[in-house]
Enquirer: 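Next up is a structure, given as structure tokens.
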Amino acid sequence: MVKKKGFPKLRQGTLTLEMLKKANLGGYERTIYRILHFPFLHKLLHQPSLIIFNPQLAQSMIDAKFMLYNIYSGRYIHLGIKKEDNSGFYVSVTFLERKTPYQGDCC
């Protein structure tokens with residue numbers, strides 16, 4: 001079971017996509033593109049398009065101040081960030097992968 005052993009397997013480099021598929025029946029197909037596009041995150045950080053994100057306007061529960069996004073391999077990846085009150089650093093609050101740009105609709 002991945003739930004109890006997932007992090008150690010991830011840390012050891014022995015967690016496989018097949019293990020994730022078995023552990024997340026039905027949800028795997030919804031998340032596989034996020035997994036496959038996560039490596040593009042470093043490119044996004046170097047060349048983002050940026051919008052000031054307004055959760056109320058987007059009718060979203062995502063607590064982000066900015067949304068960084070770009071298109072890679074025909075899919076949009078988005079990184080929502082906000083400023084931490086205690087440190088003043090910007091931290092990520094969400095990572096999305098979609099066929100279309102995020103506009104406040106379903107995650």
Side-chain angles (χ1 to χ4, degrees):
M1 176 174 220
V2 174
K3 186 185 271 186
K4 293 181 182 177
K5 299 178 185 175
F7 184 72
K9 288 187 178 294
L10 180 64
R11 193 173 197 181
Q12 296 164 359
T14 59
L15 185 65
T16 66
L17 289 177
E18 191 58 37
M19 290 174 166
L20 291 174
K21 190 173 189 176
K22 286 180 183 177
N24 193 7
L25 297 175
Y28 178 81
E29 285 74 22
R30 290 191 315 265
T31 59
I32 187 62
Y33 284 108
R34 285 181 67 198
I35 294 167
L36 294 175
H37 285 83
F38 193 77
F40 291 110
L41 184 57
H42 75 283
K43 287 185 176 185
L44 177 64
L45 293 173
H46 289 285
Q47 289 188 305
S49 294
L50 179 126
I51 59 168
I52 297 172
F53 187 70
N54 183 331
Q56 292 79 26
L57 191 62
Q59 297 179 356
S60 172
M61 294 180 67
I62 296 174
D63 183 23
K65 176 68 175 171
F66 300 104
M67 193 68 74
L68 311 175
Y69 69 96
N70 216 325
I71 190 165
Y72 302 99
S73 297
R75 309 282 289 195
Y76 286 88
I77 64 169
H78 304 76
L79 183 70
I81 61 173
K82 73 174 187 174
K83 192 181 229 180
E84 273 191 335
D85 292 332
N86 57 347
S87 71
F89 290 113
Y90 282 89
V91 296
S92 61
V93 294
T94 192
F95 177 75
L96 306 170
E97 175 284 325
R98 301 169 50 83
K99 292 180 187 176
T100 59
Y102 179 76
Q103 297 179 1
D105 50 346
C106 173
C107 298

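This one's a predicted model, so the numbers in the text were calculated from it and none came from an experiment.
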Enquirer: Taking the side chain as every heavy atom from C-beta outward, state whether Arg98 and His78 have any pair of such atoms under 4.5 Å apart.
Expert: yes
Enquirer: Should the heavy atoms of other residues, nucleotides or ligands under 6.0 Å from CG of Asn86 be counted, would the total exceed 12?
Expert: yes
Enquirer: Side-chain contact test, heavy atoms from C-beta onward, threshold under 4.5 Å: evaluate it for Ile52 versus Phe66 and give yes or no.
Expert: yes
Enquirer: Does the side chain of Leu44 come within less than 4.5 Å of Tyr72's, by heavy atoms?
Expert: yes
Enquirer: For the CD atom on Glu84, are there more than 12 heavy atoms of other groups (residues, nucleotides or ligands in this structure) within a distance under 6.0 Å?
Expert: yes
Enquirer: Sub-3.5 Å donor-acceptor pair from the side chain of Thr16 to the main-chain atoms of Met19, do we have one?
Expert: yes
Enquirer: What is the minimum heavy-atom distance between Lys65 and Lys82, and which atoms define it?
Expert: N-CB, 3.9 Å
Enquirer: So which heavy atom on Ile62 is nearest to which on Pro55, and how close?
Expert: O-CG, 3.3 Å
Enquirer: For Tyr33, does the OH atom have more than 12 heavy-atom neighbours from other residues, nucleotides or ligands under 6.0 Å away?
Expert: no
Enquirer: Considering the options Thr94, Leu50, Leu96, Leu45, which one meets the side chain to side chain contact (heavy atoms under 4.5 Å, CB included) requirement together with Leu79?
Expert: Leu45
Enquirer: Are Met67 and Val93 connected in a single hydrophobic cluster, I mean Ile/Leu/Val/Met/Phe/Trp/Tyr linked by side-chain heavy atoms less than 4.5 Å apart?
Expert: yes
Enquirer: Taking the side chain as every heavy atom from C-beta outward, state whether Ser73 and Phe40 have any pair of such atoms under 4.5 Å apart.
Expert: yes
